[in-house]
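Step one of this worksheet: look at the structure below.
Numbers restart at 1 for each chain; the letters A, B, ... are given by sequence-line order, proteins then strands.
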Amino acid sequence: MTEKTPQDETREKQKREPRDAAYWASYAETLKVAGVAEGATNINVEGRRAVGPLQGFGKLWQKTYRVSLKGAETTPVDVIKTWKENYQEFWPEGNRFYAPLAGITPGEVALISGSLPGGVKLSTGVMVLYADDESFSLMTPEGHPFSGWITFSSFEEEGTTVAQAQVLMRANDPIYEMGLRMGGHKMEDEIWQKTLENLAAHFGVDEPVETNVVCVDPKLQWSQYRNVWHNAGIRSAIYTFTGPLRWRRKGSAR
Amino acid sequence: MPEAQVKMNVREAGEKASIIDVEGDLTAFAEAVLMDAYNQASDGQVRAIILNFEGLEYMNSSGIGLLVTLLIRINREKQRLLTYGLSDHYRSIFQITRLDDAIAIHDSEEEAVRAANSA
């Protein structure tokens with residue numbers, strides 16, 4: 001019998017199923033929406049590629065929002081289970097998250113309806129990139145206001161359970177970058193602060209949400225300016241304004 | 001926060017490159033260990049950092065986030081980031097998260113070291 005070399009051992013180790021295998025989405029070239037819930041619009045998600053913090057246009061930001069669930073008798077696993085099951089309920093008013101039929105599980109795609117200034121509805125979505133018992137991450141598609149992912153997690157810190165949302169993102173194109181600078185960042189901060197407040201309130205906690213914002217890369221990625229072609233805000237506006245035309249066409253086709 | 005379940009060993013790989021051997025779990029808790037290893041690895045005239053993932057046992061999305069911030073830091077220093085030893089599973093994760101657009105993936109240490117020292 002021949003002895004195993006260190007290389008053999010490495011190869012064997014790599015072949016074994018990794019502990020995180022069940023938590024990651026499988027690779028797919030483009031996104032597929034399993035079902036469109038009533039009220040949702042799937043005009044900016046189906047067929048789009050998922051994009052990470054390296055593909056966007058604007059400055060790269062890491063924003064961390066966290067709340068300490070002081071006094072709540074809960075565990076990180078309970079917090080994440082609750083968050084996954086009630087994601088929409090914790091979101092502030094004006095935004096709608098249409099959870100995938102299979103729930104927040106790796107590879108599933110959720111549709112989102114947000115509000116833009118002027119009463120225009122923003123139709124976009126997210127893919128569940130990663131989900132385990134103590135965290136989950138959502139990754140954005142091309143055309144979304146930002147390119148990157150958001151990780152929701154919970155952990156113990158000095159005997160207290162903490163809930164955290166961490167965004168790693170760039171504005172997807174020059175228009176969104178301008179929008180973020182003109183109040184978009186503030187709006188985004190308010191969304192996640194309110195979400196964490198609502199989550200804490202669910203556990204009977206009224207603690208302040210800590211916000212920590214770091215500009216990881218101040219450079220604009222001009223090579224990505226063409227991302228504007230997929231801009232979901234513009235496409236949603238066109239879709240909204242041409243609604244009567246589509247309605248008339250449907251009527252005359254009957 | 002829980003302690004990092006990861007060890008990182010830094011070695012030289014020619015005049016222009018350093019290798020960081022990653023052993024264990026790459027999660028948010030590994031940030032300090034990874035950044036310390038990077039500081040140690042980028043001493044001197046190093047132009048390329050090679051991450052050896054043969055010993056990677058677990059990675060979550062926060063771990064991938066750490067690699068993004070490391071990459072930005074490396075780019076800022078006008079260095080390059082290369083990897084080798086990724087299993088098919090972790091290669092697939094690099095593909096999903098599109099890290100493979102920016103980080104060179106090699107099959108072996110020899111190949112990665114050659115690429116790192118060639119430019």
Side-chain angles (χ1 to χ4, degrees), chain A residues 6-7 9-11 13-21 23-29 49-55 60 62 64 76 106-107 127-132 134-139 147-153 155-158 162 164 166-170 214-219, chain B residues 1-6 21-29 31 35 52-78 81 84-104 107-110:
Chain A
Q7 285 82 3
E9 279 176 13
T10 300
R11 269 191 289 272
K13 205 173 173 185
Q14 289 185 342
K15 272 183 192 166
R16 283 200 296 266
E17 181 88 335
R19 274 156 50 220
D20 54 47
Y23 306 143
W24 286 94
S26 302
Y27 177 74
E29 186 65 29
R49 294 186 73 183
V51 283
L54 300 175
Q55 283 76 42
L60 177 60
Q62 181 172 278
T64 309
M127 176 188 78
V128 182
L129 172 67
Y130 179 94
D132 66 21
E134 296 185 357
S135 70
F136 62 99
S137 298
L138 306 176
M139 188 173 180
S147 177
W149 50 74
I150 314 169
T151 298
F152 306 92
S153 60
F155 47 87
E156 293 283 341
E157 198 173 66
E158 292 165 5
V162 173
Q164 177 175 291
Q166 187 171 65
V167 188
L168 191 60
M169 52 83 95
R170 290 180 191 274
V214 178
C215 182
V216 179
D217 185 11
K219 278 189 192 159
Chain B
M1 274 203 185
E3 267 183 43
Q5 302 292 313
V6 69
D21 301 309
V22 180
E23 273 181 48
D25 300 356
L26 200 55
T27 66
F29 311 122
E31 182 173 10
M35 293 310 161
N52 167 16
F53 284 122
E54 281 177 351
L56 180 62
E57 291 175 3
Y58 179 92
M59 180 164 63
N60 63 13
S61 52
S62 299
I64 279 283
L66 281 187
L67 295 181
V68 172
T69 49
L70 176 69
L71 174 69
I72 300 298
R73 211 171 143 187
I74 284 175
N75 287 345
R76 206 182 297 147
E77 298 299 322
K78 306 218 177 328
L81 181 60
Y84 74 92
L86 283 169
S87 64
D88 290 346
H89 169 64
Y90 291 116
R91 274 182 189 243
S92 159
I93 292 168
F94 268 52
Q95 215 178 355
I96 301 163
T97 53
R98 300 188 61 183
L99 247 63
D100 61 345
D101 284 4
I103 302 176
D107 290 332
S108 65
E109 181 172 323
E110 296 73 37

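Residue Trp24(A) holds its CH2 atom at 6.5 Å from OG1 of Thr97(B), rounded to the nearest 0.5 Å. For the atom pair CG (Leu129(A)) and CD1 (Ile64(B)), the distance works out to 8.0 Å, reported to the nearest 0.5 Å. Rounded to the nearest 0.5 angstrom, Ser61(B) OG and Asp132(A) CG are separated by 7.5 Å. Interatomic distance, Ile96(B) CD1 to Met127(A) CE, rounded to the nearest 0.5 Å: 6.5 Å. Atom CG in Asp20(A) sits 11.0 Å away from atom OG1 in Thr27(B) (nearest 0.5 Å). Remark: Gln62(A) CD to Ile72(B) CD1 distance equals 11.0 Å, nearest 0.5 Å.
Using a 4.5 Å cut-off between heavy atoms, Arg76(B) contacts chain A through its side chain alone, with no backbone atom that close. Contacts of Asp101(B) with chain A are made by side-chain atoms alone, with heavy-atom separations under 4.5 Å and no backbone atom involved. Within the 4.5 angstrom heavy-atom criterion, only backbone atoms of Ser26(A) (N, CA, C, O) approach chain B. Interface residue Tyr27(A): backbone and side-chain heavy atoms are both found under 4.5 Å from chain B. Interface residue Leu99(B): backbone and side-chain heavy atoms are both found under 4.5 Å from chain A.
Residues His89(B) and Pro18(A) share a closest heavy-atom pair of CD2-CG, 3.3 Å. Taking all atoms of both residues into account, the shortest heavy-atom contact from Met59(B) to Tyr130(A) is O-CE1, 4.0 Å.
Between chain A and the options Asn60(B), Val68(B), Thr69(B), Asp25(B), the largest number of non-hydrogen pairs under 4.5 Å is found for Asn60(B). Between chain B and the options Leu60(A), Val162(A), Asp217(A), heavy-atom pairs under 4.5 Å are most frequent for Asp217(A). Of the listed residues (Gln166(A), Gln55(A), Met139(A), Lys219(A)), the greatest number of heavy-atom pairs within a distance under 4.5 Å of chain B belongs to Gln55(A).
The number of heavy atoms from other shown groups lying within 6.0 Å of CD (Gln95(B)) is above 12.
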